[in-house]
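Every chain is numbered from 1, with letters handed out A, B, ... down the list of sequences.
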Amino acid sequence: DGLKWLGLEWDEGPLKGGDRGPYFQSQRNAFYEKHFKTLQDKGLVYEDNGSFRFRSPRQPVTVVDMVCGTITFDRALEPDMTIRRPDGSWIFHFVNVVDDIEMGITHVIRGEDHLSNTPKHVEIYNALGIKPPNFAHIPLILNRDGSKMSKRDDGASIASYVEQGYSPEAVRNYLCLLGWSPKDNREVIGIDEVISLFDLEKINRRNAAFDLDKCFWINGQYIHNMSMEQFADLSIPFIEKAGIPFGSREQLIPVLAIVKEKIKLFCDVPEWISYFFTEDFAYDEASVEKTLRKAGAMNNLTALRQAFSEVSSWDAATLEAKLKETAVARGVKTGELIHPARIASSGRSIGPSLYHMLEVLGKDRVLARFDRTLTQFA
RNA sequence: GACCCUAUCGUCCAGCGGUUAGGACACUGCCCUUUCACGGCGGUAACACGGGUUCGAAUCCCGUUAGGGUCGCCA
């Protein structure tokens with residue numbers, strides 16, 4: 001599910017099929033038996049307390065790694081590894097090699113935690129008389145404190161990005177920047193370009209710490225550059241989950257259009273648009289105290305209501321001109337009108353551009369909200 | 001403990017013998033904006049340490065230290 005969400009496809013596997021199945025270890029016993037027999041025939045397997053061990057040649061093994069270079073391991077003191085348990089089940093290192101052989105794997109690209117296990121795998125390939133595949137061990141991802149990141153750590157689960165409303169492309173972009181870069185200081189880079197520029201040999205060998213802040217920032221960049229249609233597609237699931245009665249997609253788009261530039265995470269969308277779809281919204285207490293309770297606020301709001309009720313065209317530019325004109329006429333700063341108007345029509349002091357917000361809300365609803373505010377805080 | 005890998009701002013990357021050591025995130029100053037953001041212009045901040053090699057080392061070599069990994073009848 002995580003790979004799918006990130007837009008990463010695979011060639012074959014369970015639920016997809018392919019020529020190298022079956023794809024479950026439990027169904028591949030015949031392959032394991034076959035190669036196990038080969039090792040036995042060569043006298044390279046011996047029994048030890050019911051289990052079976054592979055007899056290591058105890059010769060130095062040189063691993064040629066596409067990322068780490070050429071590394072020689074001295075195998076002289078290594079214990080023989082167990083490859084099969086007394087109950088007949090198999091050990092990872094053995095089946096891993098057999099699966100890669102039978103599935104025709106040409107490149108084994110995995111975490112660096114397996115670098116030290118690779119000579120074991122190479123010994124099995126050699127014993128089976130099969131040329132080892134190309135290996136590439138990539139750096140591990142660390143937590144901010146330097147410890148190895150694992151399943152339960154913050155940021156390790158793709159599910160958390162889905163829940164918080166990250167854009168898949170943004171997370172994928174961030175991940176690409178861990179241990180690799182386009183070399184020209186760019187941070188936001190499309191997957192097509194990553195693919196054309198990517199080269200295993202260019203991967204860093206240093207482990208990287210996961211920086212959620214930067215991932216968050218890249219997500220903001222993606223939202224900023226995103227089309228309204230895509231923005232709506234990604235927002236709607238969160239809006240529906242919040243139970244906001246937004247009507248149709250056509251009714252929703254104008255609202256999303258004026259808040260898009262404010263959004264950093266899709267899970268924040270409901271909070272930004274809720275008051276557009278209900279008259280039953282609460283007034284933020286701090287804003288009420290700071291602005292609505294201020295001396296003269298109600299008189300200013302009353303004057304603005306009167307002025308707005310007379311405009312011939314209800315659009316942002318007209319409303320802005322009218323508001324400023326009213327401020328001049330009353331001899332007050334525009335802020336004395338802007339702030340009360342914002343709170344009266346949305347219940348809060350933070351929101352999209354005031355004039356655009358009023359335009360989208362529509363004349364009738366704005367005047368009604370002004371009236372309600374006037375009544376409630378007179 | 002043995003073996004393997006690594007070592008540039010707090011973090012992610014550039015740098016691959018001669019640079020005022022660059023960019024991004026984060027932090028921060030100013031501008032823009034009478035909201036919040038975006039954006040623009042600045043700032044703080046790094047070559048782990050010690051030896052070599054060299055006319056000259058962040059760049060090459062060795063050592064130390066630190067961090068990570070592997071040494072399973074886990075995967």
Side-chain angles (χ1 to χ4, degrees), chain A residues 25 47-53 61 63 65 67-69 71-96 110-120 137-149 174-189 202 204-221 223-225 258-264 268 272 284 287 290-291 323-324 327 332-343 346 348-355 357:
Chain A
Q25 189 174 307
E47 203 177 329
D48 176 23
N49 285 319
S51 60
F52 294 91
R53 288 179 181 272
V61 173
V63 173
D65 190 281
V67 173
C68 303
I71 303 163
T72 298
F73 295 83
D74 172 13
R75 303 284 296 154
L77 276 12
E78 298 302 319
D80 290 328
M81 66 175 141
T82 301
I83 58 176
R84 188 174 203 177
R85 302 186 188 87
D87 67 0
S89 59
W90 308 95
I91 298 300
F92 168 76
H93 297 296
F94 177 69
V95 297
N96 180 35
R110 46 162 54 154
E112 194 200 86
D113 49 345
H114 273 308
L115 184 57
S116 297
N117 286 324
T118 305
K120 298 179 195 172
H137 289 88
I138 61 180
L140 267 17
I141 297 177
L142 274 24
N143 292 306
R144 282 302 297 260
D145 66 2
S147 61
K148 178 183 170 186
M149 181 180 258
Y174 175 71
L175 257 16
C176 286
L177 261 23
L178 246 28
W180 179 87
S181 86
K183 304 288 188 196
D184 56 6
N185 289 334
R186 278 182 303 160
E187 317 290 329
V188 176
I189 177 170
K202 299 279 175 52
N204 282 167
R205 299 173 70 173
R206 191 190 194 297
N207 290 163
F210 195 91
D211 185 356
L212 200 51
D213 283 337
K214 188 153 182 175
C215 186
F216 179 75
W217 174 78
I218 287 183
N219 195 58
Q221 294 294 305
I223 288 178
H224 184 78
N225 299 328
I258 61 174
V259 301
K260 177 169 176 283
E261 61 183 15
K262 314 291 184 181
I263 304 297
K264 303 292 278 296
D268 294 332
W272 279 86
D284 172 63
S287 302
K290 186 182 174 191
T291 305
L323 183 145
K324 287 180 174 169
V332 300
K333 288 186 285 189
T334 53
E336 298 296 319
L337 298 182
I338 289 176
H339 299 308
R342 176 183 292 287
I343 297 165
S346 71
R348 56 192 72 183
S349 57
I350 294 175
S353 159
L354 175 68
Y355 310 111
M357 179 172 89

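Comparing B:A37, B:C13, B:C25 against the side chain of A:Asp211 picks out B:C25 as the nearest. Of all nucleotides listed (B:C38, B:G23, B:C12), B:G23 comes nearest to the side chain of A:Asn185. In this structure, of B:U70, B:C38, B:G10, it is B:U70 that holds the atom nearest to the side chain of A:Asp113.
The separation of B:G42 from B:C16, taken at their P atoms, amounts to 25 Å, rounded to a whole angstrom. Here, B:U59 and B:A21 have their P atoms 14 Å apart, quoted to the whole Å. Look at the P atom in both B:C49 and B:U65: the space between them is 16 Å, to the nearest Å. Across the C1' atoms, B:C12 and B:G18 are found 28 Å apart, a figure rounded to whole Å. Atom P of B:A57 sits at a distance of 27 Å from the matching atom of B:U44, rounded to the whole Å. Distance noted for atom C1' between B:U64 and B:G29: 42 Å (whole Å). The gap from the P atom of B:G1 to that of B:A58 amounts to 33 Å, rounded to the nearest Å. Only the C1' atoms considered, B:A45 is 22 Å distant from B:G40, to the nearest whole Å.
Annotation for A:Lys202 and A:Trp180: closest pair O-CD1, 4.3 Å, computed over non-hydrogen atoms. The shortest non-hydrogen separation linking A:Arg75 to A:Val61 is CG-CG2, 3.7 Å. Nearest heavy atom pair, residue A:Arg84 against residue A:Ser51, reads O-CB, 3.3 Å.
Spacing between atom CG of A:Asp184 and atom C1' of B:C12 amounts to 15 Å, rounded to whole angstrom units. Following rounding to the nearest Å, A:His339 (NE2) and B:C36 (C1') show an atom-to-atom distance of 12 Å. In this structure, A:Trp217 places its CH2 atom 8 Å from P of B:A24, rounding to the nearest Å. Rounded to whole Å, the distance from CZ on A:Phe210 to P on B:C25 is 17 Å. For the pair A:Met149 CE and B:U11 P, the computed distance is 15 Å after rounding to whole Å. Rounded to whole Å, the distance from CD1 on A:Ile258 to P on B:U35 is 16 Å. Put simply, CE on A:Met357 is 20 Å from P on B:U33, counting in whole angstrom units. Spacing between atom CG of A:Leu178 and atom P of B:U11 amounts to 13 Å, rounded to whole angstrom units.
Using a 90° window around 0 for the glycosidic torsion, B:C38 falls inside it and is classed as syn.
Distances shown here put a side-chain N or O of A:Lys183 below 4.0 Å from the OP1 or OP2 atom of B:A14. Distances shorter than 4.0 Å separate some side-chain N or O of A:Asn204 from OP1 or OP2 on B:A14. Between A:Thr82 and B:C73 there is a side-chain N or O to OP1 or OP2 distance below 4.0 Å. OP1 and OP2 of B:A37 both lie 4.0 Å or more from every side-chain N or O belonging to A:Gln221.
Of the nucleotides present, none pairs with B:U59 by Watson-Crick or G-U wobble criteria with both distances under 3.5 Å. Searching all strands for a Watson-Crick or G-U wobble partner of B:A37 with both distances below 3.5 Å returns nothing. Pair assignment for B:A46 gives none, since no Watson-Crick or G-U wobble pairing has each distance under 3.5 Å. The nucleotide B:C71 finds its pairing partner in B:G1, both defining distances of the Watson-Crick or G-U wobble pair being shorter than 3.5 Å. B:C16 makes up no base pair with any nucleotide shown, lacking Watson-Crick or G-U wobble contacts both under 3.5 Å. Both distances falling under 3.5 Å, in either a Watson-Crick or a G-U wobble arrangement, place B:G10 opposite B:C25.
Residues from residues 88-95 of chain A with heavy atoms under 4.0 angstrom of RNA chain B, sorted by number: A:Trp90, A:Ile91, A:Phe92, A:His93.
Without hydrogens or angle criteria, A:Lys214 side chain to A:Tyr174 main chain gives no donor-acceptor distance under 3.5 Å. The main-chain N or O of A:Cys215 is never found under 3.5 Å from a side-chain atom of A:Asn219 such that the two would form a donor-acceptor pair. Using a distance-only test at 3.5 Å, with no hydrogens or angles considered, a donor-acceptor pair links the side chain of A:Arg342 to the main chain of A:Pro352. Put simply, the side chain of A:Asp87 gets close to the backbone of A:Ser89: a donor and an acceptor are under 3.5 Å apart. For the pair A:Ser181 (side chain) and A:Lys183 (backbone), a donor-acceptor distance under 3.5 Å is present. At distances below 3.5 Å, not a single donor-acceptor pair connects side-chain atoms of A:Asn207 with backbone N or O atoms of A:Leu142.
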Tabulate atom names and distances for all N/O pairs under 3.5 angstrom spanning the protein and nucleotides 1-6 of chain B.
from	atom 1	to	atom 2	distance (Å)
B:C5	O3'	A:Arg205	NH2	2.8
B:C5	O2'	A:Glu112	OE2	3.3
B:U6	OP1	A:Arg205	NE	2.8
B:U6	OP1	A:Arg205	NH1	2.7
B:U6	OP1	A:Arg205	NH2	2.6

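Residue contacts for A:Pro79: at a heavy-atom cut-off of 4.0 Å it reaches the sugar-phosphate backbone alone, with no base atom in range. Using a 4.0 Å heavy-atom distance criterion, A:Asp213 is classed as a sugar-phosphate-only contact. When heavy atoms are screened at a 4.0 angstrom cut-off, A:Asn49 is found touching base atoms of the nucleic acid. A:Gly111 comes within 4.0 angstrom of nothing in the nucleic acid, heavy atoms only. Contacts of A:Pro139 with the nucleic acid, taken as non-hydrogen atoms under 4.0 Å apart, are absent.
Under the 4.5 Å side-chain criterion, counting only non-hydrogen atoms from C-beta, A:Cys68 is in contact with A:Arg205.
Looking at which nucleotide of RNA chain B each of A:Arg342 and A:Asp80 is closest to, the 5′-most match is held by A:Arg342. Comparing A:Tyr174 and A:His114 by the nucleotide of RNA chain B whose heavy atom lies nearest to each, the residue mapping closer to the 5' end is A:Tyr174.
Here A:Glu78 does not pair with A:Lys120 in a salt bridge; the nearest charged N to carboxylate O distance is not below 4.0 Å.
In this structure, A:Asp65 CG and A:Ile71 CD1 are separated by 6.0 Å, a value rounded to the nearest 0.5 Å.
Ring geometry, A:His114 versus A:Phe92: the interplanar angle falls under 30°, so the pair is classed parallel (tilted spans 30 to 60°).
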